[in-house]
Every structure is written in C-alpha cells, then in structure tokens.
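Structure first, commentary second.
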Amino acid sequence: MSASADHTSSLLEGSAPKRLAAFSAPLVAANLLQYVYQFVDMGVVGNVVGEAGLVAISNASAIVFIISSIAIGLMSGCTVAVGNRVGARDEQGQRRAFAASLGVALLGAAAITLAGCAFAMPIFTLMGVPVASLDQTAAYLEVISLGTAGLFLLNAACAFLRAQGDSAGPLAIMAVSAAANVALDLILIASAGLGVVGAAIATVAAQGAGAVFALWLARRRYASARSVLRSMREARERGKAIAAARDVLRVGAPMAVQQAVINLSYVLVTAWLNSYGPTIAAASGVGLKISTVAGLPCWGVGQAVSAAVSQSIGAGMPERAVAFARSGCLMSIAVTVGIQIAVQLGAGWLVSLFGDSSRGLIDAAVLYLRITCSVNGIFYAAMYALDSFALSSGAPKLALANSLIDAFAMRAGLAWILSVPLGCGFIGIYAAQAAAPVLPALVGFVYLQLWERRNLTR
C-alpha cells in the first residue's frame, strides 16, 4: 500500500537527533497545554473558593490524573500500532488500527464513567479527605467521569497524529482545548459561582471540544483516518476486528496499567499526607501539581520516542530506533534540568499563584518542591524516555514492571518506611517521591543496552 497523506512526516530520514528535536518540541508544548487546565482549575478555585476548595481539587486531581493517564497509556497502543504501519507504508493497516483504537477508547471511557460515578464518595472517604471538602471532591470526580468519552477520543486522535509523524496537529488541538477550559473556568467558577463543580464542567466541555476538533483534523489530513466506521464493519465481517483491537491492546493495556499503578501510588501518598492536616494536604497538592507540570516535557519527548521508534521498527531500521532512544534520553534530561532550575528559583512565586497566602502552606509547598523537583529529575526524565523505547520495541511488560518498582517498591513502600518506622513524617514521604524514578531508570538503561546488542550485532 502507498503512504497515506500529504501531511505525513517521515521520521526515517535525516539526522535522528534533529528530527526528534523538531518532532518533540510541539509535543512538549501540547502536553503542557493538556494539563494546564488542571493548573488553572486549582489557581481559580484557590483564589475564589479558598482552602476547602483547594483541598477538594488537590484530592480529586489525584484520581483525575489516573483517569487521564489511563487514557494516554491505552492510546499509546494506537501510536505503536499505527506507527509500525506508517513505517511499513501500509495504509489499510493504519485505517484498521485507528478504527480499533476508537473502539477501545469508547469502551475504556464507558468503564471509567461507571467506576467514577459509583465509587467517587467511597474513594475519597477512604482517602481521608477533610469533611469540609468531601462533597465538593466527590462531585468534581462524578462530573469528570461523565465526560470521559471526550478525553479518550481526544487522546486516540492525537495518538494517531503522532504515529503519522505529525506533532503540529496535537499542539493545535491542545491549544483549542486549553483556551476553552481557561475561558470556561473564569465564567463558571468566578462569574457563575459554581466553584469546584464549575471547574469540572469546564474541563469536560473543553475536552469534548478538543475531541471533535481532533477527529476532524485527523480525518481532514489523512486518508487512513477516513471511513473508519466502514473499516470497523469490514474488519468485523472478516473476523479481523478482534485481531486489530488485540494489536492496540498489546501495548495499550500494559501502558494503561502502568500509568494507573504509578498514579495510584500518588493517591496513596496523597491519602497519607491528608493525615497531617489540611495545610500539609493543600500544600502537597500544590507542590505535586507544580512538579507534575514541570515533568510534562518528559512525556512529550517520550511520546516522540514512541512514534519514532515505532516507525523505525516498522521500516526494519533497528539502528535508527536506538539512535532515537539515546537522543530522546539526552534531550529529555537536558530540558528537565532547565525546568527544575527554574522551579527552584521561582518556587515561592509559583506556590503563591494558587491563592492561599498563609505562611505555613507556602513554606510546606516550597519544601515539597525543594525535595521532589530537584536532581531526581534526571532519573525521572531518563525513565520516561527509556520506558517509551521499551514500549515501542516490543517490551511493554518491562515498562509495566518498571512502574511497579516506581510505584510500590519506591514511592509507596519507601514512603511508609521513612514516614512511620523511621519517624520522618511528611518529609519522609517527600523524600520517597524524589527517590522513586532512580531504579526504574537504571532498569530501562540496561534493557536498551541488551536490545542494542541483540539487534545490532548480528
């Protein structure tokens, strides 16, 4: 089959570092925009509603981040499945993979909607959310859960575009979604007085608008994104629908579990921090939000590595796959170091943006950033780039195993040891979060070395 579209950008020609840098820059910006709505939600709610609203958003965001990460992880299967076929110049295979991805996205969204609405209140009760914030927290998650179809479809379309070597499309999509979210936040929270629920409605509406735009853009730019409903019917009639979905899930399911596991550990940590009182709970939520945004460029570079490695392997170019992995690792580390320095220099000012100006909250949030947003960023950046290589090179289960190490052995397990038996309190929990990516980064580096030796020395 011929290559599909005028907009397809081949990642298989020219200097690997230069191509990856050009491809990943818009993805880094797109990731920042994708999560800016959560940052804006917290900032507007903190200024308008106060500490009770800030605690609600902090706790709800921990669960919402799991939902977002599951969507991103599940749809990474679309990037790899479509990317392999882009490298092999198989247009019909691209169409089947995208059709299967949309089906998987809708099923995933339905499952999240049911779970979120059913378990919102029990989850936050178990997390020990303060009574003053409990109802608002549950209401936020319920509204978000009802709108997850937009989130999943948006990520499916963006994953398809990345697989084509198109990073400008996801950036435009996220710009539209982020602009809509900021505008709706100001209208629904500040003007209409809907508070925390207003923030959730703004997020759902913005994601829905982004999904519509994303699907339209994919269809307009690429022939392989057209007639996907017909492709679904044909695949079902020929018995290929399950095979196409399995191809997407082979990578997407382990990555969704990986993202869920990592972020579940953040929920456990958030629950522990709630026991230290509302000030520490709110400060830790603010610190986590800032450090998460600071780490988003790693996600963008990792997504670029996944798409580039997928195309390379699909085209039978293992040496280029390794070049992308190494370039992505170095690029991610360089960008992260720059961001970490900026966060350290402006920590107090960044915390003040969230509205609560009490000295105790600011000091605790700054301490969180001093510990968790520092030299550990080097390992965090390497971990994401190397896990992305493992994902696209046929070892998604290794990435899943790494997440278990990161989440339970390091972040949750070490946090308990430091905070309870050793008596370090919430500072011990902060230290465990900082140490979490160290071992997974080393495991990812060893896998890259072994893969290179196995595939390039024959």
Item to check | Donor-acceptor pair, side chain of Gln258 and main chain of Ala399, under 3.5 angstrom | outcome: yes
Checklist entry - Does the side chain of Leu154 reach to within under 4.5 Å of the side chain of Met174, using non-hydrogen atoms? => result yes
Checklist entry - Looking only at heavy atoms, which two atoms of Ile189 and Gly198 are closest? And how far apart? => result CG1-C, 4.0 Å
Checklist entry - Where does the angle between the aromatic ring planes of Trp451 and Phe389 fall among parallel (under 30°), tilted (30 to 60°) and perpendicular (over 60°)? => result perpendicular
Next on the checklist: Whether the side chain of Arg219 engages the backbone of Arg226 through a donor-acceptor N/O pair (distance < 3.5 Å, no angle test) should be reported.
Outcome noted: no
Checklist entry - Would you say Phe119 has more than 12 foreign heavy atoms packed within less than 6.0 Å of its CZ? => result no
Checklist entry - Do the rings of Tyr384 and Trp299 sit parallel, tilted or perpendicular, given the 30° and 60° boundaries? => result tilted
Checklist entry - If only atom types and distance count, is the side chain of Gln94 paired as donor or acceptor with the main-chain N or O of Ser224 below 3.5 Å? => result no
Checklist entry - Looking at CD of Gln303 and CG of Asn31, how far apart are the two atoms once the value is rounded to the nearest 0.5 Å? => result 4.5 Å
Next on the checklist: Looking at every heavy atom in both Cys78 and Phe98, which two are closest together, and how far apart are they?
Outcome noted: SG-CD1, 4.3 Å
Next on the checklist: Working to the nearest 0.5 angstrom, can you tell me the gap between Leu330 CG and Ser332 OG?
Outcome noted: 9.5 Å
Checklist entry - Using a distance-only test with no angle check, is there a side-chain donor-acceptor pair under 3.5 angstrom linking Tyr222 and Asp166? => result yes
Checklist entry - Distance from Leu264 atom CG to Ile70 atom CD1, nearest 0.5 Å? => result 9.5 Å
Checklist outcome for this item: For Gln207 and Gly147, the nearest pair of non-hydrogen atoms, with its separation, is OE1-O, 4.3 Å
Checklist entry - Any salt bridge (charged side-chain N to carboxylate O under 4.0 Å, His left out) pairs touching residues 60-81, not counting sequence neighbours? => result none
Item to check | Pair Ser68-Leu151, side-chain contact (heavy atoms from CB on, under 4.5 Å): steps then yes or no | outcome: CA-CA 7 Å; Ser68 299; Leu151 170 68; 4.1 Å; yes
Next on the checklist: Looking at every non-hydrogen atom in both residues, tell me the closest pair between Arg250 and Pro396 and how far apart they are.
Outcome noted: O-CG, 3.6 Å
Item to check | side chain to side chain donor-acceptor pair (under 3.5 Å) contacts touching residues 97-110 (sequence neighbours left out) | outcome: none
Checklist outcome for this item: One should read off an interatomic distance between Ile405 CD1 and Leu439 CG, to the nearest 0.5 angstrom, of 5.0 Å
Checklist entry - Heavy atoms, side chains only, cut-off 4.5 Å: are Leu11 and Ser312 in contact? => result no
Item to check | Donor-acceptor contact below 3.5 Å, side chain Asn402 vs main chain Leu398 | outcome: no
Item to check | salt bridge (charged side-chain N to carboxylate O under 4.0 Å, His left out) partners of residues 309-338, not counting sequence neighbours, each pair once | outcome: Arg326-Glu452
Checklist entry - For the residue pair Ile339 and Pro297, what are the closest heavy atoms and their distance? => result CD1-CG, 3.2 Å
Item to check | Residues Phe152, Leu74; criterion side-chain contact (heavy atoms from CB on, under 4.5 Å); working and verdict | outcome: CA-CA 9 Å; Phe152 275 76; Leu74 195 61; 4.0 Å; yes
Checklist entry - Is any side-chain heavy atom of Gln344 less than 4.5 Å from a side-chain heavy atom of Ile341? => result no
Next on the checklist: With rounding to the nearest 0.5 angstrom, report the CD1 to SG distance, Ile333 to Cys298.
Outcome noted: 9.0 Å
Checklist entry - Is the shortest heavy-atom distance from the side chain of Ile290 to the side chain of Tyr368 under 4.5 Å? => result no
Checklist entry - What pair of heavy atoms forms the shortest contact from Arg19 to Gly14, and how long is it? => result CG-C, 4.4 Å
Checklist outcome for this item: Contacts satisfying salt bridge (charged side-chain N to carboxylate O under 4.0 Å, His left out) that involve residues 64-85 (not counting sequence neighbours) are Arg85-Asp247
Checklist entry - Is the backbone N or O of Phe408 less than 3.5 Å from a side-chain atom of Ser265, with the two atoms forming a donor-acceptor pair by type? => result no
Next on the checklist: For a side-chain contact (heavy atoms from CB on, under 4.5 Å) check, start with the C-alpha distance between Val196 and Thr137, then their side-chain angles and the critical distance, and finish with the verdict.
Outcome noted: CA-CA 8 Å; Val196 172; Thr137 311; over 6 Å; no
Next on the checklist: I'd like to know if the side chain of Ser327 reaches the main chain of Phe324, judged simply by a donor and an acceptor atom lying under 3.5 Å from each other, with no hydrogens or angles considered.
Outcome noted: no
Next on the checklist: For residues 71-80, which residue pairs pass the side chain to side chain donor-acceptor pair (under 3.5 Å) check, not counting sequence neighbours?
Outcome noted: none
Item to check | Check: Ser284/Tyr430 side-chain N/O donor and acceptor closer than 3.5 Å | outcome: yes
Checklist outcome for this item: Rounded to the nearest 0.5 Å, the CD atom of Gln311 sits from the CZ atom of Arg162 at a distance of 13.0 Å
Item to check | Side-chain heavy atoms of Leu386 within contact of Tyr447, under 4.5 Å | outcome: no
Next on the checklist: Is any side-chain heavy atom of Val204 closer than 4.5 Å to one of Leu146?
Outcome noted: no
Checklist entry - Can you tell me if Asn376 uses its side chain to pair, donor with acceptor, with the backbone of Ala435 under 3.5 Å? => result no
Item to check | Steps toward side-chain contact (heavy atoms from CB on, under 4.5 Å) verdict (Leu27, Val301) | outcome: CA-CA 7 Å; Leu27 294 179; Val301 175; over 6 Å; no
Item to check | Asn59 and Tyr140, any side-chain heavy atoms less than 4.5 Å apart | outcome: no
Report all side-chain donor-acceptor pairs from residues 102-113 shorter than 3.5 Å, counting only partners two or more places apart or in another chain.
{"residue": "Thr113", "atom": "OG1", "partner": "Ala109", "partner atom": "O", "Å": "2.9"}
{"residue": "Thr113", "atom": "OG1", "partner": "Ser145", "partner atom": "O", "Å": "2.7"}
{"residue": "Thr113", "atom": "OG1", "partner": "Thr148", "partner atom": "OG1", "Å": "2.8"}

Next on the checklist: For Ala202, is there any backbone N or O sitting under 3.5 Å from a side-chain donor or acceptor partner on Asp185?
Outcome noted: no
Checklist entry - Is there a donor-acceptor pair closer than 3.5 Å between any side-chain N or O of Asn84 and the backbone N or O of Ser310? => result yes
Checklist entry - Is the shortest heavy-atom distance from the side chain of Asp406 to the side chain of Arg411 under 4.5 Å? => result yes
Item to check | Ser69 side-chain N/O to Gln259 backbone N/O, donor-acceptor pair under 3.5 Å | outcome: no
